[in-house]
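Values reported hereafter were calculated over all heavy atoms of this structure, with side chains retained and with hydrogens, waters and symmetry mates removed. Quick note on labels: first sequence line is chain A, next is B, and so on, each numbered from 1. Computed from a predicted model, the values in this text were never measured in an experiment.
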2 protein chains.
Amino acid sequence: MMEKYRELHIKLTPQRLAILSFLDGNKSHPSAEDIYKAVLKQFPTMSFATVYNTLEALKNRGNVQELKIDSHKKRYDPDISRHHHLICLKCSKIIDIHKDFKIALSEDLIHGFDLMGNSVEFYGICQKCKKHH
Amino acid sequence: MMEKYRELHIKLTPQRLAILSFLDGNKSHPSAEDIYKAVLKQFPTMSFATVYNTLEALKNRGNVQELKIDSHKKRYDPDISRHHHLICLKCSKIIDIHKDFKIALSEDLIHGFDLMGNSVEFYGICQKCKKHH
DNA sequence: TTATCATATTAGAATAATTCCTGTCAAACC
DNA sequence: GGTTTGACAGGAATTATTCTAATATGATAA
């Protein structure tokens, strides 16, 4: 069970394992609070500090990415493959878009930057929100 | 001077005019704090509430757009034309990219959303930050 | 112009998300 | 066994933003 997390090279405490298994394969793009609430069920003494510390460690090792898509809070994505997002403007639901759009910046637009990547966000209203009015 | 702002149909108070003229043509993508500090010089009693209220009014009328690009705070852009951004991962400097990338979502990726738009962000390290190590 | 009224302003309190700090504990290392 | 290192919990501190309630002011019409 914890074999798959060995390679992370972080100390695998029970709290961290709970966070990791909650994140594993999770496509809901949870916020720190979502993670806290989920793990709280198994560890009633869990604190936000532990959630943030663990996320910080995982971020630094490139095992989760922080999404700046939601203007109210940070969201976290355990899927670190190159992908984009579709976001509902009403309920903030986020859906992964796995497609390569081949967008390049020409030399005159690059402003001397060392480019490291890009991301595309699509905005709209999801099916559920359309119905509820 | 204030003629150009008449069409906004918001009450044009001195504070608002100061905010509007600070934003006019501003390409720095300022945060609420940047705006507050700038206007404070002319209006020492300026409050954050006024900055946020005015931004809210302008947002609702589609005269500024809120950028969710910076994970620490919202940034505001008076340029409401369709454009994208190039962001420095070190200093958070934001540069406009005026180019149409023609990105479309195929039916199978659209998940029943009513699409309203998209935005592309390019990430990298700017020239200045490269030099300073 | 002036009176009226709806709206804007202000300071400060409240809230929400996140970060920091401190004492404690446990694992890993000698 | 003793020491170092890193993680934990809990709470305080910070930062961005929103709310509140009293007061002030721009816009409009008389």
Side-chain angles (χ1 to χ4, degrees), chain A residues 2 5-6 8-22 29-61 63-77 92 94, chain B residues 1-23 29-61 63-77 92:
Chain A
M2 56 189 282
Y5 299 126
R6 273 279 151 62
L8 292 177
H9 298 299
I10 60 175
K11 204 186 265 185
L12 290 177
T13 65
Q15 291 89 337
R16 288 186 166 184
L17 282 170
I19 293 174
L20 286 166
S21 82
F22 175 71
H29 307 80
S31 64
E33 194 189 1
D34 295 333
I35 298 169
Y36 172 74
K37 279 184 182 161
V39 177
L40 198 61
K41 292 169 192 157
Q42 303 161 61
F43 294 90
T45 66
M46 168 68 48
S47 85
F48 264 102
T50 300
V51 174
Y52 281 110
N53 286 341
T54 304
L55 286 171
E56 183 65 21
L58 293 173
K59 252 186 344 188
N60 290 339
R61 286 167 179 73
N63 297 108
V64 297
Q65 55 178 140
E66 194 176 277
L67 303 181
K68 290 173 282 192
I69 279 173
D70 188 323
S71 66
H72 294 300
K73 47 188 152 196
K74 294 175 183 166
R75 303 273 213 112
Y76 297 88
D77 193 345
S92 294
I94 302 174
Chain B
M1 168 53 184
M2 56 189 282
E3 291 312 313
K4 61 195 296 191
Y5 298 126
R6 272 280 150 63
E7 66 199 37
L8 292 177
H9 298 299
I10 60 174
K11 205 188 264 187
L12 289 176
T13 65
Q15 291 89 336
R16 288 186 165 184
L17 283 170
I19 292 174
L20 286 165
S21 83
F22 174 72
L23 285 178
H29 308 80
S31 64
E33 193 189 3
D34 295 334
I35 298 169
Y36 172 75
K37 279 185 182 158
V39 176
L40 197 61
K41 292 169 193 158
Q42 304 161 60
F43 294 90
T45 67
M46 170 67 49
S47 85
F48 265 103
T50 300
V51 174
Y52 282 110
N53 285 343
T54 304
L55 287 171
E56 183 65 21
L58 294 173
K59 250 187 343 188
N60 290 340
R61 287 168 179 74
N63 297 109
V64 297
Q65 54 177 141
E66 195 175 276
L67 304 181
K68 288 174 282 193
I69 278 172
D70 187 323
S71 67
H72 295 299
K73 50 189 152 195
K74 294 174 185 167
R75 302 273 213 116
Y76 298 88
D77 193 344
S92 294

Undergrad: In whole angstrom, what separates B:K68's NZ from D:dA16's P?
TA: 19 Å
Undergrad: Heavy atoms under 4.0 Å, any strand shown: does A:P14 hit a base, just sugar-phosphate, or nothing?
TA: nothing
Undergrad: State whether A:K73 places a side-chain N or O below 4.0 Å from either non-bridging phosphate oxygen (OP1 or OP2) of C:dA17.
TA: yes
Undergrad: Working note: B:L58 + B:L20, criterion side chain to side chain contact (heavy atoms under 4.5 Å, CB included); need CA distance, chi angles, decisive distance, verdict.
TA: CA-CA 9 Å; B:L58 294 173; B:L20 286 165; 3.9 Å; yes
Undergrad: By nearest heavy atom, map B:K11 and B:E33 onto DNA chain D; which one lands nearer the 5' end?
TA: B:E33
Undergrad: Expressed as a whole number of angstroms, how long is the span from B:L12:CG to D:dT28:C1'?
TA: 14 Å
Undergrad: For B:R16 and B:T54, indicate whether the former's side chain and the latter's backbone hold a donor-acceptor pair under 3.5 Å.
TA: no
Undergrad: Please report the shortest heavy-atom distance between B:L55 and B:V64, naming the atom on each side.
TA: O-CG2, 4.1 Å
Undergrad: Please give, in whole Å, the distance from D:dT25 C1' to B:F43 CZ?
TA: 13 Å
Undergrad: Between B:R16 and C:dT9, is there a contact of a side-chain N or O with OP1 or OP2 at under 4.0 Å?
TA: yes
Undergrad: In whole Å, what is the span from the OH atom of B:Y36 to the P atom of D:dT18?
TA: 16 Å
Undergrad: Any idea which of C:dT7, C:dT9, D:dA9 is nearest the B:T50 side chain?
TA: C:dT9
Undergrad: For B:A32 and B:V51, which heavy atoms make the closest approach, and how far apart are they?
TA: O-CG1, 3.8 Å
Undergrad: Looking only at the side chain of B:T13 (C-beta and beyond, no hydrogens), which of the listed nucleotides C:dA8, D:dA9, C:dA11 gets closest?
TA: C:dA8
Undergrad: Tell me whether the side-chain N/O atoms of B:Q15 come closer than 4.0 Å to OP1 or OP2 in D:dG26.
TA: no
Undergrad: Would you list the protein and nucleotides 19-25 of chain C atom pairs, both N or O, that sit under 3.5 Å from each other?
TA:
residue, atom, partner, partner atom, Å
C:dT19, OP1, A:K74, NZ, 3.2

Undergrad: Specify the separation, in whole Å, of atom CG of A:L17 and atom C1' of D:dA7.
TA: 13 Å
Undergrad: Rounded to whole angstrom units, what separation is found between the CD atom of A:Q42 and the P atom of D:dC8?
TA: 14 Å
Undergrad: Rounded to whole angstroms, how far apart are CG on B:D34 and C1' on D:dA16?
TA: 13 Å
Undergrad: Before giving the answer on side-chain hydrogen bond (donor to acceptor under 3.5 Å, both in side chains), spell out for B:N53 and B:T50 the whole-Å C-alpha distance, their side-chain angles and the decisive distance to 0.1 Å.
TA: CA-CA 5 Å; B:N53 285 343; B:T50 300; 5.4 Å; no
Undergrad: Within less than 4.0 Å of OP1 or OP2 of D:dG10, is there a side-chain N or O belonging to A:S47?
TA: no
Undergrad: Looking only at atom types and distance, does a side-chain atom of B:R75 sit under 3.5 Å from a main-chain N or O of B:H29, one as donor and one as acceptor?
TA: yes
Undergrad: Just how far, in rounded Å, is P of C:dA28 from CD1 of A:I10?
TA: 14 Å
Undergrad: As a test of understanding, state which of B:F22, B:Y76, B:F48, B:Y52 forms a ring-ring contact (aromatic ring centres under 6.0 Å, His included) with B:Y36.
TA: B:F48
